[in-house]
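What follows is a single structure, written as structure tokens, with notes after it.
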Amino acid sequence: MAENRASANEETYGEGVPCWVDARLPDVEAGKRFYGELFGWTFEESYGSSVWALLDGDRVASLAPKTDGRMPSVWTVSFATSDAEALGRRITAAGGRVVMAPFPVGDLGVAALATDPEGAVFGLWQPGTHPGFGRRHEPGSFAWAQLYTRDTAAANVFYGGLFHAALFGAGAEPDFGRADVTELFPPEMPPHFVTHFRVADLEEALGAVQRIGGRVQVPPFGTSYGRVAVVVDNQGASFALLHR
């Protein structure tokens, strides 16, 4: 594992704030080539067989090989927590499910995987030496997580109960929205999160995605938080590009 490096941009993330994103891919080397070209990321070894994605030396994401080829290639957003065990119990009590119980990731922190009552998957991160994003809200880094759900009112109740201060507290900047899945996707699409990365030029980024083997899933559209397009990388993992 690479030496843990402090970043001048490191933040402490409060309960319920999106603090990390990771991609599970069939081929990490192909992922490095794709995202390195698209976002200018460089890479270094992380924990186990995963790699850190770095933007100007700061950690912005991680790529890891899929452990089961039957599972989809996906980007997963993780929410910060001071106690993953306790949050897991609250998730279960609220009608969600813990699908991967909290486990240590070396000295970096404690991770877990859960679903909400509709089945949308998200991660939990209890920080150790790794607090989360070393850089965000800048081109080439995480900017927003959007939950596409069948019942936005129920989602607000569920996530509001778990992360009320992060979503609704004074001065809260949650980086996390909710919308009906049918606003963008076919009715049969299951509820899911879409990770958004900020770009300086949306059309230029879309051209790059297609040039390096990805495709456009949803063409550009306007939102309250910026102009967005949903794309798929060269291994089938979807994510969004955000310009604002």
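All values derive from a computational prediction rather than experimental measurement.
Neither Val157 nor Leu162 shares a network with the other; the hydrophobic side chains, linked directly or stepwise wherever heavy atoms of I, L, V, M, F, W or Y lie under 4.5 Å apart, form separate groups for each. Under a hydrophobic-cluster definition in which Ile, Leu, Val, Met, Phe, Trp and Tyr are linked whenever side-chain heavy atoms come within less than 4.5 Å, directly or via other members, Met100 and Val77 are assigned to the same cluster. Side-chain heavy atoms closer than 4.5 Å link hydrophobic residues (I, L, V, M, F, W, Y) into clusters, and following such links, even through other members, never connects Leu167 to Tyr148. Taken together through direct or relayed side-chain contacts under 4.5 Å among Ile, Leu, Val, Met, Phe, Trp and Tyr, Val74 and Val121 form parts of separate hydrophobic clusters. Both Tyr13 and Leu108 are members of a single hydrophobic cluster when ILVMFWY side chains are connected at heavy-atom separations under 4.5 Å.
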Handout entry: ring-ring contact (aromatic ring centres under 6.0 Å, His included) between His130 and Tyr47, worked out
Key = CA-CA 11 Å; His130 174 57; Tyr47 185 82; over 10 Å; no
Exercise for the section: List the steps, then state whether side-chain contact (heavy atoms from CB on, under 4.5 Å) holds for Arg244 with Trp144. Expected result: CA-CA 11 Å; Arg244 60 182 179 190; Trp144 189 263; 4.1 Å; yes
Practice task
Could you walk me through whether Val228 and Val194 pass side-chain contact (heavy atoms from CB on, under 4.5 Å), step by step?
Solution key: CA-CA 11 Å; Val228 173; Val194 176; over 6 Å; no
Exercise for the section: For the pair Leu38 and Asp233, evaluate side-chain contact (heavy atoms from CB on, under 4.5 Å) and give the outcome as yes or no after the intermediate values. Expected result: CA-CA 10 Å; Leu38 181 60; Asp233 72 12; over 6 Å; no
Handout entry: Trace of the side-chain contact (heavy atoms from CB on, under 4.5 Å) decision for His137 with Asp175
Key = CA-CA 9 Å; His137 300 159; Asp175 296 337; 2.9 Å; yes
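To the nearest 0.5 Å, atom CZ of residue Phe239 and atom CD of residue Gln217 are 10.5 Å apart. Taking CG of Leu242 as the reference point, atom OG1 of Thr195 lies at 12.0 Å (rounded to 0.5 Å). In this structure, CG on Leu241 lies 9.0 Å from NE2 on His196, to the nearest 0.5 angstrom. Atoms CZ and CG, on Arg33 and Asn234 in that order, are 8.0 Å from each other to the nearest 0.5 Å. In this structure, the separation between CG on Leu63 and CD on Gln235 is 9.0 Å, given to the nearest 0.5 Å. The line from CZ of Arg198 to NE2 of His243 is 7.0 Å long, rounded to the nearest 0.5 Å.
Ring pair Phe163/Phe122 is perpendicular by interplanar angle, where above 60° counts as perpendicular and below 30° as parallel.
Each of Phe133, Tyr35, Trp75 was scored for a ring pair (Phe, Tyr, Trp, His ring centres under 6.0 Å) with Phe197, with one residue passing: Trp75.
You'll find the side chain of Phe221 stays beyond 4.5 Å of the side chain of Glu183, heavy atoms only. Side chains of Phe39 and Leu55 form no contact here, defined as non-hydrogen atoms less than 4.5 Å apart. The shortest side-chain heavy-atom distance between Leu54 and Arg59 falls under the 4.5 Å cut-off.
Around the CD atom of Glu204, the shell of radius 6.0 Å holds no more than 12 heavy atoms that belong to other residues, nucleotides or ligands. In the displayed structure, Met189 atom CE is contacted under 6.0 Å by more than 12 heavy atoms of other residues, nucleotides or ligands.
Arg178 places no side-chain N or O within 3.5 Å of a backbone atom of Tyr159 that could act as its donor or acceptor partner. Between the side chain of Glu15 and the main chain of Ser82, a donor-acceptor pair closer than 3.5 Å is present. The closest donor-acceptor contact from the side chain of Thr223 to the backbone of Gly226 lies under 3.5 Å.
Closest of all the heavy-atom pairs between Val110 and Ala84 is CG1-CB, 4.2 Å. Here the closest non-hydrogen pair linking Pro190 and Val181 is O-CG2, 4.2 Å. The minimum heavy-atom distance linking Gly161 with Arg90 is given by the pair O-NH2, 3.5 Å.
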Indicate every side-chain donor-acceptor pair of residues 17-28 with a distance under 3.5 Å to a residue at least two apart or in another chain.
unit_1: Trp20; atom_1: NE1; unit_2: Ser62; atom_2: OG; d: 3.1
unit_1: Asp27; atom_1: OD1; unit_2: Glu29; atom_2: N; d: 3.1
unit_1: Asp27; atom_1: OD1; unit_2: Ala30; atom_2: N; d: 3.0

